[in-house]
**Q** 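Got a structure for you, questions after.
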Amino acid sequence: MRLLLVEDDRMIGDSLRQALRLEGHAVDWVYDLAAARASVDTEHFDLILLDLGLPPAPGAVVQPTAGLMLLQVLRARGDATPVVVLTARDALGERVSGLDAGADDYLVKPFELDELLARMRAVVRRHAGRAAPALEHGGLRLDPATREVTLEGRPVLLSAREFAVLEALMQRPGAVLSRAQLEDRLYGWGGAVESNAVSVYVHQLRKKLGPGVIQSMRGVGYFLAR
Ligand code: CA
């Protein structure tokens, strides 16, 4: 998934970004409201992790619920991107305001990474209107929770980035995803992108899944065969 992490605490942000990248997510990390607004105005994210206690502008005083403004801006313009709010302990008021402002879920700091990942998956699943957690297409089945992929019932072992590419394609069956869209899913704008990275992962996926599963549309991108 492509994630926006809005967190002003450098230690928490840094460790969260690292952990989420290891899980195969592309993470864009911003520290304040202005940068967060600029990000959501120009980019699409699959999910936003939003710390509520943010400085409203670089260097300004931290307000307990400044992050709520981002949520209000998004929802006011009809943007339904899933948002998981991160709040301080003992801040019941914050959690209530967050949910009232349109957050999909919240986590109280400190939290376990596994719980965050499970809540992210649940929120994205609900957002996509899917009751079943697994994605299926033809003989392919991909389970975002267990990270298991099977083809005609047989397990297929994928690296985190191969998994991310396949997941992106399976989330929008029938759609042609451009190389740039797939690169976004892999890295976000923070990381280095090797120019042929997507072709390499697609090549590896074709070796593992058979040549016909992922089709190319010359000059446009990739899509799943029907
Ligand atoms: Ca904070």
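Numbering of ligands and ligand atoms starts at 1, following listing order. None of these values were measured; they are calculated from a predicted model.
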**Q** Please identify each residue that fulfils side chain to side chain contact (heavy atoms under 4.5 Å, CB included) with Q204, with sequence neighbours left out.
**A**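 E162, V200, Y201.
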**Q** May I ask you to decide whether R75 forms a salt bridge with D104, counting only side-chain N to carboxylate O separations under 4.0 Å?
**A** yes
**Q** With a 6.0 Å cut-off (strictly less than), is the heavy-atom count around CZ of R121, excluding the residue itself, greater than 12?
**A**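 Result for CZ/R121: enclosed.
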**Q** Report yes or no: does D9 have an N/O/S atom closer than 3.0 Å to the Ca ion (ligand 1)?
**A** no
**Q** For a distance under 3.0 Å, tell me if G53 has an N/O/S atom near the Ca ion (ligand 1).
**A** yes
**Q** Could you tell me whether the Ca ion (ligand 1) has an N, O or S atom of D51 under 3.0 Å away?
**A**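 Yes, since at least one N, O or S atom of D51 sits under 3.0 Å from the Ca ion (ligand 1).
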**Q** Closest N/O/S atom of D8 to the Ca ion (ligand 1), by atom name?
**A** OD1
**Q** Between E115 and R119, does any NZ, NE, NH1 or NH2 come within less than 4.0 Å of an OD or OE carboxylate oxygen?
**A** yes
